2 protein chains.
Amino acid sequence: MSNDEPKLARGRPRTMNAEKVLDVAMTAYWQSDPADVSVNAICQMAGISKPSLYREFGSEDGLSRAALDRYAERVLSAVFAILHSGKGLHDTLAALTDFAAADPRMETGCLFYKMRAGKHRLGPTTRARVEEIDATAQAAYAAFLQSRCDAGDWPDGLSAEAGAKYLGEQIALAITQRASGEDPERIREMLNLALSVFIRP
Amino acid sequence: MSNDEPKLARGRPRTMNAEKVLDVAMTAYWQSDPADVSVNAICQMAGISKPSLYREFGSEDGLSRAALDRYAERVLSAVFAILHSGKGLHDTLAALTDFAAADPRMETGCLFYKMRAGKHRLGPTTRARVEEIDATAQAAYAAFLQSRCDAGDWPDGLSAEAGAKYLGEQIALAITQRASGEDPERIREMLNLALSVFIRP
DNA sequence: GACATAAAATACCGGCCGGTAACAAATGAG
DNA sequence: CTCATTTGTTACCGGCCGGTATTTTATGTC
């Protein structure tokens, strides 16, 4: 833990609220698309000057990386919570479906998936974080499926890794369709169809 | 058919080969991403000057629209050929799977899907063409599924439209994964899993 | 007061973008 | 030949980008 006391404040006191700037950036990246939001635009929206932003985050890459970190802990954590809830296969798939197809947070898509889709346009540290999150998510999906496999409710000769990849990509597809304005009920219908392969009666 | 005679050639004879330029543009857009290829880059690759390109295509939108048209008749036609081949459900799905997961033409993805994914970055006429192709493809998928429904090999209470959307999106997902360098065998495995909902035994 | 310090804002940098004005070259018409 | 016509190229336009040098402003220290 770092000191959060005034810490011998010399010099001009800062007026910039880094948290607020990060909120603005995360929201802007999330609501539209990281590739379509310039640092100039973020500075304007946050009401700060460009050098202030660069002093805090170093570069556009640093800012987008920080925004992604924030997004991971504020939003993606919900997905991991579902996967780690210890519920059964059916309930967990239902919760994931609800999240992807109906949760208002995914109404304009998922920042992580948007970044992953345009990976080559990201700076190195942001791209690395995207890949890290991707690997973590895949591992979480695989661990969940493995646990359900051990519990016995597993369909056929599908490896947990392959199933995890499939599951993750279907969720990603559904959320990406949310972002493109598709009818949520249609999305839910398609996702249910895709995930029905996990619950052969 | 228009006249392809010299047509009273006055003025300086043209050296620019519009077909070749269009090939260059289509390939460049296709191999990387329409949003990442500038008209400057295309002119350089095609060995022509910018005003020459603009005289022929009017604008970047005109060029990308023409490139998409070319792509539709050169590549997408293969998909429609599969759908209109009159083969059975299983064979047609297998052919679609082969195309998406193994055809070398899809090794770097599909220009149409790349454009559709970044629809908001396109000019108006190109975007309109994307939407037109999307509707046409969906109609073709639906017509195929409807024909198989009439033929009796249809699984459950799924509408042809919903099935068409699902089928089309799964193909799109598979091809998009090709573009991102995913292992083709893994892609085939996942696509088979996704399409297995159509062939409940 | 004078001074160091740190954060703010202004104004700028080179670079690339889509697009075009202005001009050079090559042909047919008279 | 002259002239209109068409294509080509060079050189430029304004605009936005990510990033920064420079200066102003606000504070604590002495």
Side-chain angles (χ1 to χ4, degrees), chain A residues 2-22 24-25 28-29 32-67 115 118 120-127, chain B residues 3-22 24-25 28-29 32-67 118 120-127:
Chain A
S2 68
N3 229 342
D4 50 356
E5 296 154 36
K7 234 179 182 178
L8 286 168
R10 298 225 310 188
R12 178 170 174 171
R14 64 168 45 189
T15 60
M16 185 188 68
N17 184 342
E19 296 290 307
K20 180 190 143 200
V21 173
L22 216 41
V24 167
Y29 285 146
S32 61
D33 189 299
D36 297 329
V37 179
S38 66
V39 293
N40 296 297
I42 289 172
C43 288
Q44 202 164 336
M45 290 184 277
I48 62 168
S49 67
K50 229 181 336 179
S52 296
L53 188 148
Y54 275 90
R55 196 179 315 115
E56 185 73 28
F57 299 103
S59 66
E60 182 177 41
D61 189 22
L63 174 64
S64 58
R65 154 76 194 250
M115 284 185 168
H120 64 282
R121 281 185 271 255
L122 299 174
T125 77
T126 308
R127 181 165 54 241
Chain B
N3 229 342
D4 50 357
E5 297 155 36
K7 234 178 182 179
L8 284 167
R10 299 227 308 189
R12 178 171 174 170
R14 64 169 44 190
T15 61
M16 185 187 70
N17 183 343
E19 295 289 307
K20 181 189 142 199
V21 173
L22 216 41
V24 167
Y29 286 146
S32 64
D33 189 298
D36 298 328
V37 179
S38 67
V39 293
N40 296 298
I42 289 173
C43 288
Q44 201 164 336
M45 290 184 277
I48 61 169
S49 67
K50 228 177 343 175
S52 296
L53 188 148
Y54 275 90
R55 191 169 305 147
E56 184 73 28
F57 299 102
S59 65
E60 182 176 38
D61 188 22
L63 173 65
S64 58
R65 154 75 194 248
H120 63 284
R121 281 185 272 255
L122 299 175
T125 77
T126 308
R127 181 164 54 240

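In what follows, every chain begins at residue 1, and chains take the letters A, B, ... in the order their sequences are listed. Just so you know, these numbers come straight off a predicted model, no measurement behind them.
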Quick check: on DNA chain D, is the nucleotide nearest Ser49(B) upstream (toward 5') of the one nearest Val37(A), or the reverse? Name the residue that is more 5'.
Ser49(B)

Could you tell me the separation between the [atom1] atom of [X] and the [atom2] atom of [N], rounded to a whole number of Å?
| X | N | atom1 | atom2 | answer |
| --- | --- | --- | --- | --- |
| Leu53(B) | dC17(C) | CG | P | 14 Å |
| Arg12(A) | dG28(D) | CZ | P | 13 Å |
| Gln44(B) | dG18(C) | CD | P | 13 Å |
| Arg10(B) | dG8(D) | CZ | C1' | 18 Å |
| Glu56(B) | dG8(D) | CD | C1' | 13 Å |
| Met16(A) | dT25(D) | CE | C1' | 16 Å |
| Phe57(A) | dA7(C) | CZ | C1' | 15 Å |
| Tyr54(A) | dC17(D) | OH | P | 11 Å |

When you measure from the side chain of Ser32(B) to the backbone of Tyr29(B), do you find a donor-acceptor pair of N or O atoms at a distance under 3.5 Å?
no

Can you identify which nucleotide, out of [options], has its nearest atom closest to the [X] side chain?
| X | options | answer |
| --- | --- | --- |
| Pro13(A) | dA26(D), dT6(D), dG18(C) | dA26(D) |
| Asn40(B) | dC17(C), dA26(D), dG18(D) | dC17(C) |
| Arg14(A) | dA7(C), dT6(D), dG18(C) | dA7(C) |
| Glu60(B) | dT6(D), dG19(D), dG18(C) | dG18(C) |

Residue pair [X] / [Y], side-chain heavy-atom distance below 4.5 Å:
| X | Y | answer |
| --- | --- | --- |
| Thr126(A) | Met115(A) | yes |
| Glu56(B) | Arg14(B) | yes |
| Pro34(B) | Val37(B) | no |

5′-ward residue of the pair Arg55(A)/Lys50(A) relative to DNA chain C:
Arg55(A)

Go nucleotide by nucleotide along DNA chain C from the 5' end; which of Ile48(A) and Asp61(B) gets its closest nucleotide reached first?
Ile48(A)

Side-chain N or O of Ser52(B) closer than 4.0 Å to phosphate OP1/OP2 of dT9(D):
yes

Does dC17(D) have its OP1 or OP2 closer than 4.0 Å to a side-chain nitrogen or oxygen of Ser38(A)?
yes

Just by distance, no angles: are the side chains of Asp36(B) and His120(A) close enough, under 3.5 Å, to form a donor-acceptor pair?
yes

